K.L.:
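First, the structure itself, so that you have it in front of you.
Heavy-atom basis, side chains included; hydrogens, waters and symmetry copies ignored. Everything numeric in this text was worked out from a predicted model, so none of it was measured. Nothing fancy with the numbering, it's 1 onward along the sequence.
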Amino acid sequence: MAIDTRVRNQLQKLTPDERLEQRCDIEAMDEISGRAGFRPDKVIAYAFGDPKLDGTTFKTKGAVFRSRGEWYRLSYKCEASSDRLDIHAFKYKIGDQVPHEDWAEHYLYD
């Protein structure tokens, strides 16, 4: 999904690696939105493990997203343009809901 000019300008202020992570998180929310009733408002790429960065490809098996006040596990692979603003390919898998008792350990919040 294309991003608007305001978001694009904000992303351009980040380092290339930070830009890629943030752009991929935005893409994850766009892709998940509306699927099976999800309404994601936050993605954290590193909650359950460190992401892998290889040039313009960002992969994570330890991501989470928040929807309607609950956190869910997420893994994704995101391939972007050289400026890291346009997404060329995106694959994801939604995992289980994260139990509330695990939130503090992974720095998740309401």
K.L.:
Evaluate the side-chain proximity of Glu21 to Asp25: yes if any heavy-atom separation is below 4.5 Å, no if none is.
P.N.:
yes
K.L.:
How does the hydrophobic cluster around Tyr107 look, that is, which other residues are in it when side-chain heavy atoms under 4.5 Å mark a link?
P.N.:
none
K.L.:
Hey, is the main chain of Thr57 close enough, under 3.5 Å, to the side chain of Asp54 for a donor-acceptor pair?
P.N.:
no
K.L.:
Hey, does the side chain of Trp103 reach the backbone of Val98 with a donor-acceptor pair shorter than 3.5 angstrom?
P.N.:
yes
K.L.:
Donor-acceptor pair, Arg19 side chain versus Leu11 backbone, under 3.5 Å?
P.N.:
yes
K.L.:
Does any non-hydrogen side-chain atom of Ile87 lie less than 4.5 Å from one of Cys78?
P.N.:
yes
K.L.:
Quick check for you: to the nearest 0.5 Å, what is the distance between Cys24 atom SG and Tyr92 atom OH?
P.N.:
14.5 Å
K.L.:
Shortest non-hydrogen contact from Leu85 to Arg23?
P.N.:
O-NE, 2.8 Å
K.L.:
Mind checking whether Tyr46 and Ile26 sit in one hydrophobic cluster, side chains of I, L, V, M, F, W, Y counted as touching below 4.5 Å?
P.N.:
no
K.L.:
Would you say that more than 12 heavy atoms from the other residues, nucleotides or ligands in this model lie under 6.0 Å from the CG of Asp110, or not?
P.N.:
no
K.L.:
Is there a side-chain contact between Thr60 and Lys52 (heavy atoms, below 4.5 Å)?
P.N.:
no
K.L.:
Angle class for the Trp71/Tyr109 ring planes (parallel below 30°, perpendicular above 60°, tilted otherwise)?
P.N.:
perpendicular
K.L.:
Mind checking whether Ile44 and Tyr76 sit in one hydrophobic cluster, side chains of I, L, V, M, F, W, Y counted as touching below 4.5 Å?
P.N.:
no
K.L.:
I'd like to know if Ile94 and Leu108 are part of one continuous hydrophobic network [Ile/Leu/Val/Met/Phe/Trp/Tyr, side-chain heavy atoms within less than 4.5 Å].
P.N.:
no
K.L.:
Quick check: is Leu74 connected to Phe48 through a chain of hydrophobic side chains (ILVMFWY, heavy atoms under 4.5 Å apart)?
P.N.:
no
K.L.:
A side-chain contact here means heavy atoms from C-beta on lying under 4.5 Å apart; do Glu27 and Phe58 qualify?
P.N.:
no
K.L.:
Is the shortest distance from a Lys or Arg side-chain nitrogen in Lys61 or Asp50 to a carboxylate oxygen in the other one below 4.0 Å?
P.N.:
no
K.L.:
Determine whether a donor-acceptor pair (N or O, by modelled atom type, separation under 3.5 Å) exists between the side chain of Arg66 and the backbone of Lys42.
P.N.:
no
K.L.:
Measure across Leu20 and Gly55 and return the closest heavy-atom pair with its distance rounded to 0.1 Å.
P.N.:
CD2-O, 3.8 Å
K.L.:
Output yes when a side-chain donor or acceptor of Glu18 lies under 3.5 Å from a complementary backbone atom of Thr15, and no otherwise.
P.N.:
yes
K.L.:
Rounded to the nearest 0.5 Å, what separation is found between the OG1 atom of Thr5 and the CD atom of Gln12?
P.N.:
9.5 Å
K.L.:
Taking all heavy atoms of Asp41 and all of Met29, pick out the closest pair and write down the distance.
P.N.:
C-SD, 3.5 Å
K.L.:
Could you tell me which non-hydrogen atom of Phe90 sits nearest to which non-hydrogen atom of Glu31, and how far apart they are?
P.N.:
CD2-CG, 3.6 Å
K.L.:
Under the side chain to side chain contact (heavy atoms under 4.5 Å, CB included) criterion, do Ser67 and Tyr72 qualify, and how do the steps go?
P.N.:
CA-CA 8 Å; Ser67 176; Tyr72 299 86; 4.1 Å; yes
K.L.:
Determine which pairs satisfy salt bridge (charged side-chain N to carboxylate O under 4.0 Å, His left out) with at least one residue from residues 67-84, sequence neighbours left out, and list them in order.
P.N.:
Lys77-Glu79
K.L.:
Could you check whether any side-chain heavy atom of Lys59 comes within less than 4.5 Å of a side-chain heavy atom of Pro51, counting everything from C-beta outward?
P.N.:
no
K.L.:
Tell me whether Phe38 is reachable from Val64 by hopping between hydrophobic residues (I, L, V, M, F, W, Y) whose side-chain heavy atoms are closer than 4.5 Å.
P.N.:
no
K.L.:
Can you tell me how far the NE2 atom of His88 sits from the OG atom of Ser81, to the nearest 0.5 Å?
P.N.:
4.5 Å
K.L.:
Going through the checks in order, is the salt bridge (charged side-chain N to carboxylate O under 4.0 Å, His left out) test met by Arg8 and Asp86?
P.N.:
CA-CA 10 Å; Arg8 182 175 287 271; Asp86 298 309; 3.0 Å; yes
